[in-house]
Each structure stands twice: as structure tokens, then as C-alpha cells.
**Q** 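Dumping the structure here so I can ask a few things about it.
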There are 2 protein chains.
Amino acid sequence: MKLKKLEISERVVQRLTEYLSILKEARKRDDEINSIELAKIMNTTSAQVRKDLSTFGEFGVRGKGYDIDNLIEIITKILGIDKINHVIIVGHGKMGEMLSSNVEVLGEGFKIVGIFDKDENKIGKIAENNLVIQDVRNVEEFVKNMKNEFNIKIDTAILAVIKEQAQFAAEELVKNGICAILNMTTYKLELNKNIKVVDMDISAKLQELNFWRINSPNEKI
Amino acid sequence: MKLKKLEISERVVQRLTEYLSILKEARKRDDEINSIELAKIMNTTSAQVRKDLSTFGEFGVRGKGYDIDNLIEIITKILGIDKINHVIIVGHGKMGEMLSSNVEVLGEGFKIVGIFDKDENKIGKIAENNLVIQDVRNVEEFVKNMKNEFNIKIDTAILAVIKEQAQFAAEELVKNGICAILNMTTYKLELNKNIKVVDMDISAKLQELNFWRINSPNEKI
DNA sequence: TAGATTGTTAATCGATTAACAATC
DNA sequence: TAGATTGTTAATCGATTAACAATC
């Protein structure tokens, strides 16, 4: 597989994750799919589907379409989830608990290897996935050990603390070598630009939904 | 408050939710803010901030900036979260449980009034927020009762079932008058276009983050 | 070969930004 | 009034789409 590498827009990457999920569904029914069918499910044009995919290479067969298994494999590679990515969860409140106990939710390609909290009542307890909840001050040591003993570099953290702690906790993580953060809080993190942050704010999404609900053109309430 | 009403882009609404969260933080420190400061926190230009806000009206004072409290109130109204919006949760697995037990997570303006599941072992049990978990087949009756007895119209559902059930469950909800769905599953729902759906897919967001991590220009792993 | 669908170019559309008159 | 910052216009930039040659 030859991957072109150039400027890739956020939108394209977002759609890539959607294509993947759609393809996994489609695979249950078919072996092949074309840009028209894919576009219909995505609510977009076939031109966009082809353009998106051609950002990364030539994966289709003219006159036929795309082999679903092949495309799944390619997108999986592009997203780096063809291998296990080791992540830590910081904050073991309701959200952290849900994330660590729900094997489904992270999807394939990710494995939780550490859980941290600052609450002394939680530290030392065993989470539902059988990991011991560690003191958040141990992140540094943990990351080092994983590197030295198992040669596992931990880059990614899921930040699930309360929003009042988000900025501080994130800065600590960055100090310990974390360069990618899935931010489950409502706090807008202010970090060095080379740190990748993706926000996952449920309340914001609900607000968005609510706006469209009350402002829908075919509103009839 | 006079609200202009015209074509509003998804991006603007998304940023509106971000402005709101930033303003709530800023209020702790200041009474006023200008577009330059707001832009800095948002990682954008002051022109965009002003343009975004002016989509909805004239809220600033030339030479001074924006009154934070005032702006919060306005955005809160625009997003329709100045009043309580009643939502139901469908699916009381790990995700549904987290949502219903975590008062923080939905943010202000939303209240869970019903929890539904199809698992007989769960039906009749009491969830952490003290609501009885109801049979999902009762949604119809529940929605009608809320309307008739309390004059509460339920428009919004949070879909937290397993992805294999997502499409079916969503269609049932729509039949019972739900017109806005926060989709917590990885399944790409295919519904009538007048139904508002916002996707909230944790695994997709992790994939996105992972892509940027491994493709960051200043990668040095 | 004829039919189909890709990959890509060029045209269009929409979103962002620079610049500035309006005005506090 | 002078200084500052808004709201808005016009210019720029980027993303989407239409169209079609390439090719299976």
C-alpha cells in the first residue's frame, strides 16, 4: 500500500472514521461497494467519496468499485488501528469507570493499560477491567516502566477528570510524555500546539442537537 | 434580543457551544471579553469570532467588547438551554448507566425523565438517578402520558443501545414522536431527513486522535 | 468491445480572514 | 476628541461537486 502524504483536512479524517464504520456494516452483506452506494449512506456525493479515498492512494477498480475488505484494511492502517495502541485513563469517576469497564466503547486498536485517579479512596482498588487504580502522581513512573520493561511507549491518554482539574491534569500528562489526549471534559485545554487534543464533549453535542431541533426548517412543534 | 434567522452552518453552531464553555470559564475572572481574547482561546481569528456572533445579532459594544454575562445568556437562549429540555435515555448498559448517574455530564438545560431498556433483568430496577428502568416497549405510552398528564413534549432521546440494535431502536423512537437523537453508538443511522441526529462516537474520536498522533508534522517517535 | 465506475481536473460553492467604516 | 473594538464588506482561501478521460 502506497500512502500519499500531504496536507489532510480534519474533515477528511472524520469522514474516514465514518467510512470505516459503514464498511464494517456493509461487509456483512457484500464484498464490494462503489462510491455511489457509500455516498448514499454518508449523505454526500460520490465525488466526495472518491476524492476522500484518493487522498491516500488508488484503492478502487475502475468499472467495479471498491473491495470492502481491502478498503477496511487500508483505512484501518491509515488510522493506525491495525496495531494495539496503549492508552491510559486519567480520572475514574463515572466517565472513567464506564470507559474502563466497557470493552466495546474504545473499539479495536486500543487497549487500556493504566487507570489513574487522585482520590485516595479509589487508589489501590481494582477496576472492572482488573487494573489497579493508581495514584495519578504515579503516571510518570508508570510511563517510564512501561517503556523500560516492556518497550511500550504510551502516547495517548483519555482525560476523564472533572473539568476543574482538566487543565492541570493535562499539563502533568504532557510533562510525562503524553502527546495525544482525548478530552472528555467540557474544559477547553490550552496546551502546546504539538500536543494533539480531540474533544469529546457530550453536553456540547446535546446543545448542538438541541439547536437543530428548535431551528429545524420543518419544525412543527 | 432580536435573533436573525437564516442559513446557519454546522460549524458555527459547534463553535457556539465552544464559546459558551469558554465564556463560563472567563466569567470567573472577568466581566468583559473582546473578540481578540476569545479568538486566542479558540485558536482562531478575531474576525471569525465577530462574524460568528453577528450571525445571531449585535451583542457587542464597539470600543469595548462583549459583556460576558450577557453573551452567556444570549448563547444559552440560542441553544435552547435556557429552559429544561426533557430527554429519555434508551439503553441502560454501561453507557446509559453513566449518563443517567452522572448529573454533570449532560450539562445545564437537560433533564432525564425516562430510562428504557429491553433487558428483563433490568426492567423495574431503579437507576442511580432514582428513575425506574422501563420496558423499551413502553416508550410510546410514556411519551403520551408525559404529554397528556404534564404537558411535557419529549422530543429528544439519547440512544445508548448496542450498535446492533441502534437502527431498529431509533426507528421505534421516531414512530413515537422523537425528532432529535443523540446517537452514542458507532452505527450510522439511516432516518428520515427531518429527524435530527448528532453522532457521539468515542471510538471514532479516538481513531481521529490516533491519526493526528501518528501523522503529526512534528512527529518524533 | 460496451458498460461501468474510478481518479482527477476544473468549476463552483461556502467558509475564513483582512480591512475598514461605524461607533462606543 | 482620541483610542479601541465592533459589525460588515470584499478578498482570499479551501472544500465540495460536476464532468470526463482513463481504464477495468
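Heavy atoms only: backbone and side chains are in, while hydrogens, waters and symmetry mates are out. A, B, ... follow the sequence lines: proteins, then strands. Residue 1 opens every chain.
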**Q** Taking the basic N atoms (NZ, or NE/NH1/NH2) and the acidic carboxylate oxygens, is any pair closer than 4.0 Å for K40(B) and E37(B)?
**A**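 A salt bridge is absent here (no side-chain N lies under 4.0 Å from a carboxylate O).
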**Q** dA15(D) P sits how many Å from R15(A) CZ, rounded?
**A**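 The distance from CZ of R15(A) to P of dA15(D) comes to 9 Å, rounded to the nearest Å.
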**Q** Is it true that K144(A) and E140(A) have a side-chain N and a carboxylate O under 4.0 angstrom from each other?
**A**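 Salt bridge flag = yes for E140(A) with K144(A).
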**Q** Atom CD of E10(B) to atom C1' of dT16(D): distance rounded to whole Å?
**A**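 Taking CD of E10(B) and C1' of dT16(D), I get 14 Å after rounding.
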**Q** Please report the shortest heavy-atom distance between F110(A) and Q207(B), naming the atom on each side.
**A**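 Heavy atoms only, the tightest pair is CZ-N, 4.0 Å.
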**Q** Figure out the CG/P separation between L38(A) and dT5(C), and round it to whole Å.
**A**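 L38(A) atom CG is separated from dT5(C) atom P by 14 Å.
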**Q** Between dT17(C), dT17(D), dC24(C), which nucleotide has the shortest distance from any of its atoms to the side chain of A47(A)?
**A**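 Nearest to the side chain of A47(A) among the choices is dT17(D).
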**Q** N34(B) CG to dC24(C) P: how many Å, rounded?
**A**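 Distance, rounded to whole Å: 17 Å.
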**Q** Any side-chain N or O of T45(A) below 4.0 angstrom from OP1/OP2 of dT16(D)?
**A**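 T45(A) to dT16(D) OP1/OP2: no side-chain N or O under 4.0 Å.
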**Q** Would you say dT6(D) has OP1 or OP2 under 4.0 Å from some side-chain N or O of R50(B)?
**A**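 For R50(B), the contact criterion (side-chain N or O under 4.0 Å from OP1 or OP2 of dT6(D)) is met.
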**Q** In whole angstroms, how far is the C1' atom of dT8(C) from the CD atom of E58(A)?
**A**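 Atom CD in E58(A) sits about 9 Å away from atom C1' in dT8(C).
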**Q** F59(B) has an atom CZ; how far is it from atom P of dT6(D), in whole Å?
**A**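 Result: 14 Å.
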**Q** Is E25(A) salt-bridged to K188(B), going by a charged N under 4.0 Å from an acidic O?
**A**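 No salt bridge links E25(A) with K188(B).
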**Q** Would you say dA4(C) has OP1 or OP2 under 4.0 Å from some side-chain N or O of Y66(A)?
**A**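 For dA4(C), neither OP1 nor OP2 has a side-chain N or O of Y66(A) closer than 4.0 Å.
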**Q** Go through the side-chain N and O atoms of Q14(B) and E18(B) and say whether any donor and acceptor fall under 3.5 Å apart.
**A**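 No, no side-chain donor-acceptor contact under 3.5 Å.
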**Q** Answer yes when D82(A) and K77(A) have at least one side-chain N-carboxylate O distance shorter than 4.0 Å, and no when they do not.
**A**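 Salt bridge flag = no for K77(A) with D82(A).
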**Q** Is the shortest distance from a Lys or Arg side-chain nitrogen in K94(A) or E97(A) to a carboxylate oxygen in the other one below 4.0 Å?
**A**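 No, this pair does not count.
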**Q** Students often get this wrong, so: under 4.0 angstrom with heavy atoms, is S46(A) touching a base, only sugar-phosphate, or nothing?
**A**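 The residue S46(A) makes no contact with any strand.
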**Q** Of the options L16(A), I8(A), V13(A), which is the one that meets T55(A) in a side-chain contact (heavy atoms from CB on, under 4.5 Å)?
**A**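 The side-chain contact (heavy atoms from CB on, under 4.5 Å) with T55(A) is passed solely by I8(A) among L16(A), I8(A), V13(A).
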**Q** Using a cut-off of under 3.5 Å, enumerate the N/O to N/O pairs linking the protein to nucleotides 10-14 of chain C.
**A**
none

**Q** By nearest heavy atom, map K64(A) and T44(A) onto DNA chain D; which one lands nearer the 5' end?
**A**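 Of the two residues, T44(A) wins.
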**Q** Measure from CG on D67(A) to P on dC24(D) and round the result to the nearest Å.
**A**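 Rounded to whole Å, this separation is 16 Å.
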**Q** Return the angle between end axes of the helix from dG3(C)-dC24(D) to dC24(C)-dG3(D), with five pairs used per end and rounding to 10°.
**A**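 Helix axis angle between the two ends: 20°.
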**Q** Please determine if a side-chain N or O atom of S35(A) lies less than 4.0 Å away from the OP1 or OP2 oxygen of dA4(C).
**A**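 So the side-chain polar atoms of S35(A) never come under 4.0 Å of the phosphate oxygens OP1 or OP2 of dA4(C).
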**Q** Does a side-chain N-to-carboxylate-O contact under 4.0 Å join D52(A) and R50(A)?
**A**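 Between R50(A) and D52(A) there is no salt bridge, as every charged N stays at least 4.0 Å from the carboxylate O atoms.
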**Q** What pair of heavy atoms forms the shortest contact from G114(B) to F142(B), and how long is it?
**A**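 Smallest heavy-atom distance, with atoms named: CA-CZ, 4.0 Å.
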**Q** Write down the distance between CZ (R62(A)) and C1' (dC24(D)), rounded to a whole number of angstrom.
**A**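 Value for this atom pair: 9 Å.
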